[in-house]
Each structure stands twice: as structure tokens, then as C-alpha cells.
2 protein chains.
Amino acid sequence: MKETALCPRLSKAMELVGKRWTALIIYQLLEGPQRFNAIESSLPISGRLLSERLKELEKEGIVERNVFSEVPIRVEYSLTEKGHSLEQVVREIEEWSKKWL
Amino acid sequence: MKETALCPRLSKAMELVGKRWTALIIYQLLEGPQRFNAIESSLPISGRLLSERLKELEKEGIVERNVFSEVPIRVEYSLTEKGHSLEQVVREIEEWSKKWL
DNA sequence: TACTTCAATTACGAAAAGTAAGTAGCTTAC
DNA sequence: GTAAGCTACTTACTTTTCGTAATTGAAGTA
């Protein structure tokens, strides 16, 4: 990949928000903590990729993973403060889609 | 791909804005009409993909293509009204990146 | 004719995404 | 006690997209 004069923070933000499924996963989690299967059902994403994305988002400090040792096991994902801070971004996209699509 | 209960407009918007390079191309064009080489130089994107993305954005009515038959040829790309309406989205991402990255 | 510039386009290997089947841990059913 | 079910992944494999580099085409210039 070539060099760029682009602001690296913006660039990084675009990589995150722009990565496939990321924004939609955050959009789902804005409704509150949700478990793996719930997210998987709410989006046309495969378990394989959802697992991958959640790990990335956890690593970025955007999503938190909580395991409840019930039967059967329950794993809930929720937004951290950093994750919630993306609400405005997602809402703007939502607004735009209502006006223009 | 599976079925989804997701709003199709939001879904479409995410596909657009979320597609790699799309938001960054729009970000560049917010500064005014620019020619192919200028966009290519401002981003770490290859000509192959830039060409592909610009065609998609033109098809979506977000970007306009203007050819000037000068020597050498000049092709300028600019945002349509629909394209400009994405400014808020891009600015929100920019703001977020400043605060959190 | 050979050479230059710009805006693409093509060819091809590499990376990411999509699909589907399998795994692991624990419980209830038979 | 083993078979079946539930949940949350994981693995194996195919298809699509991306990245790099070389090439094309049009139009003028040396």
C-alpha cells in the first residue's frame, strides 16, 4: 500500500467503522447487551465472521464480553464507553439513509 | 447470505459508506472537485480500485464525472447534492477519531 | 516516428468473506 | 450410560474482493 498524507486517526477510524459488519454490529448493541446468537440472527452475518469481528472490537475496546456460566452457557456482548461514543456516527448514517435511500 | 430483519435502507447505507475507501474518497471530494490523479495521490488507494469505486459512486448518484478535452485530458470528479449530504456522516467519524483514537 | 501525460483497464497472486460442517462443555431424556 | 440438544465458537473449503504492476488508448509534442 502506498504512502499517504492522510490523517492517520481518520484513516484508522474509517478502517474500523468502515470494516464490513462493524457498524451494524454496533448498531445492534446500541439496543443493549446481546448474546452471540441474538446478534447473529439480527444480521445477515455468519457466525464465523461475527466471532472474528467481536474479537476485533473487543481488542479495540469498543465491545465488552461477559460470560455467564449458566446452562446452557450465556455470553453477552455490550458496548463500552468508547463503543457508545460511536452512536452519533451510526445515527448520522441512519438519518442519511432515511433521507436519501 | 441469510435473511435479515434489518432495515434495508440502513443496510444499503452501511454497504456504501462502509465499503473500503468510499468514505475517504468522499472526504477528499468535500474539498472540491478533484481529478483522478489527485485523489489517487491523496489516498493509499490504487488506480484500479479508485476507478472501480468512482464508477460505483457515480452509479449511486453520489459523485459526478466531468471530462475536459484538454491536453492532456482532464477528468474531474465532484460530489452531487446527495454526495454532499454525506458530509455530516464523514464529519462525525472525523470527530470521533479525534476524541477516541 | 518516438515520446509524454492522464485516465483508465487487464492480469494475476494474496487476502478477506461466505458457507457449511464440526467441536466442546454441560444438561436433560430415555 | 449414552444419545440428543443447546450455545458459542472453530475449521475446512469455495468464492469474491483487493493490491500490485504492467498495459492500453487518446491526443499532442519533439
Side-chain angles (χ1 to χ4, degrees), chain A residues 1-6 11-12 14-29 32-60 63-78, chain B residues 1-6 8 11-12 14-26 28-29 32-60 62-79:
Chain A
M1 212 133 64
K2 297 181 307 177
E3 282 300 308
T4 178
L6 202 68
S11 186
K12 174 80 187 295
M14 294 297 189
E15 263 176 49
L16 265 173
V17 179
K19 199 153 196 172
R20 196 159 200 190
W21 303 119
T22 300
L24 286 172
I25 291 169
I26 292 166
Y27 182 79
Q28 278 303 310
L29 290 180
Q34 294 192 37
R35 50 201 303 188
F36 192 90
N37 276 347
I39 305 173
E40 192 179 355
S41 305
S42 68
L43 302 174
I45 191 178
S46 66
R48 180 195 155 295
L49 226 31
L50 178 56
S51 179
E52 200 172 296
R53 284 291 175 280
L54 287 171
K55 264 184 207 157
E56 289 163 8
L57 290 173
E58 204 188 342
K59 199 173 162 190
E60 292 292 336
V63 156
E64 221 171 26
R65 183 176 186 267
N66 284 293
V67 182
F68 299 82
S69 298
E70 303 173 350
V71 172
I73 197 173
R74 180 160 61 102
V75 180
E76 274 191 0
Y77 292 89
S78 55
Chain B
M1 211 131 65
K2 296 181 311 180
E3 281 300 308
T4 180
L6 203 68
S11 185
K12 175 82 186 295
M14 294 296 189
E15 264 177 48
L16 265 174
V17 179
K19 200 152 196 173
R20 193 159 203 191
W21 305 117
T22 301
L24 287 172
I25 292 169
I26 291 165
Q28 279 302 312
L29 291 180
Q34 295 192 36
R35 50 202 302 188
F36 191 89
N37 277 347
I39 306 173
E40 193 180 355
S41 305
S42 69
L43 302 174
I45 190 179
S46 65
R48 181 195 156 292
L49 226 32
L50 178 57
S51 178
E52 200 174 297
R53 285 291 176 281
L54 286 170
K55 262 186 206 157
E56 290 163 8
L57 290 173
E58 203 187 344
K59 199 173 164 191
E60 292 292 336
I62 288 170
V63 157
E64 221 171 27
R65 182 176 188 266
N66 283 293
V67 182
F68 300 82
S69 299
E70 304 174 350
V71 172
I73 197 174
R74 180 160 61 105
V75 181
E76 274 191 358
Y77 292 89
S78 55
L79 294 175

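The analysis underlying the following values was restricted to heavy atoms, covering all of them including side chains, and did not include hydrogens, waters or symmetry mates. Just so it is clear: chains get the letters A, B, ... in the order the sequence lines come, proteins before strands, and each one is counted from 1.
- Smallest separation of non-hydrogen atoms from B:Ile26 and B:Leu79: O-CD1, 4.1 Å.
- Atom pair A:Glu56:CD and C:dA15:P shows a separation of 16 Å (rounding to whole Å applied).
- Inter-residue side-chain proximity for B:Glu60 and B:Lys55 is flagged as unmet; no heavy-atom pair is nearer than 4.5 Å.
- Note: CZ (B:Arg53) to P (C:dT9) measures 14 Å, nearest angstrom.
- One can place CD of B:Glu52 at 11 Å from C1' of C:dT9, the figure rounded to the nearest angstrom.
- Side-chain contact between A:Tyr77 and A:Ile39: present, with at least one pair of heavy atoms (C-beta onward) separated by less than 4.5 Å.
- The distance from atom CD of B:Glu58 to atom C1' of C:dA8 is 13 Å, rounded to the nearest whole Å.
- For the pair B:Phe68 CZ and C:dA7 P, the computed distance is 11 Å after rounding to whole Å.
- Qualifying side chain to side chain contact (heavy atoms under 4.5 Å, CB included) partners for A:Asn37, counting only residues two or more places apart in sequence or in other chains: A:Glu40.
- Within the 4.0 Å cut-off from OP1 or OP2 of D:dG19, at least one side-chain nitrogen or oxygen of B:Trp21 is found.
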Report, one pair per line, the protein and nucleotides 5-11 of chain D atoms (nitrogen or oxygen only) whose separation is under 3.5 Å.
| from | atom 1 | to | atom 2 | distance (Å) |
| --- | --- | --- | --- | --- |
| D:dT7 | O3' | A:Arg35 | NH2 | 3.4 |
| D:dT7 | O3' | A:Ile73 | O | 3.2 |
| D:dA8 | OP1 | A:Arg35 | NE | 3.2 |
| D:dA8 | OP1 | A:Arg35 | NH2 | 3.4 |
| D:dA8 | OP1 | A:Val75 | N | 3.1 |
| D:dA8 | OP2 | A:Asn37 | N | 3.3 |
| D:dA8 | OP2 | A:Asn37 | ND2 | 3.2 |
| D:dC9 | OP1 | A:Arg65 | NH2 | 2.5 |
| D:dC9 | OP2 | A:Tyr77 | OH | 2.5 |
| D:dT10 | OP2 | A:Lys55 | NZ | 2.8 |

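- Closest heavy-atom contact between A:Trp21 and A:Ile45: CG-CD1, 3.5 Å.
- Within the structure, a side-chain polar atom (N or O) of A:Arg20 is placed less than 4.0 Å from OP1 or OP2 of C:dG18.
- B:Glu52 pairs by the side chain to side chain contact (heavy atoms under 4.5 Å, CB included) definition with B:Arg48, B:Leu49, B:Glu56, not counting sequence neighbours.
- As a whole-Å value, the separation of B:Leu57 CG from C:dA8 P is 13 Å.
- Taking atom CG of A:Leu43 as the reference point, atom C1' of C:dG18 lies 15 Å away to the nearest angstrom.
- The CD1 atom of A:Ile25 sits 11 Å away from the P atom of C:dA17 (whole-angstrom rounding).
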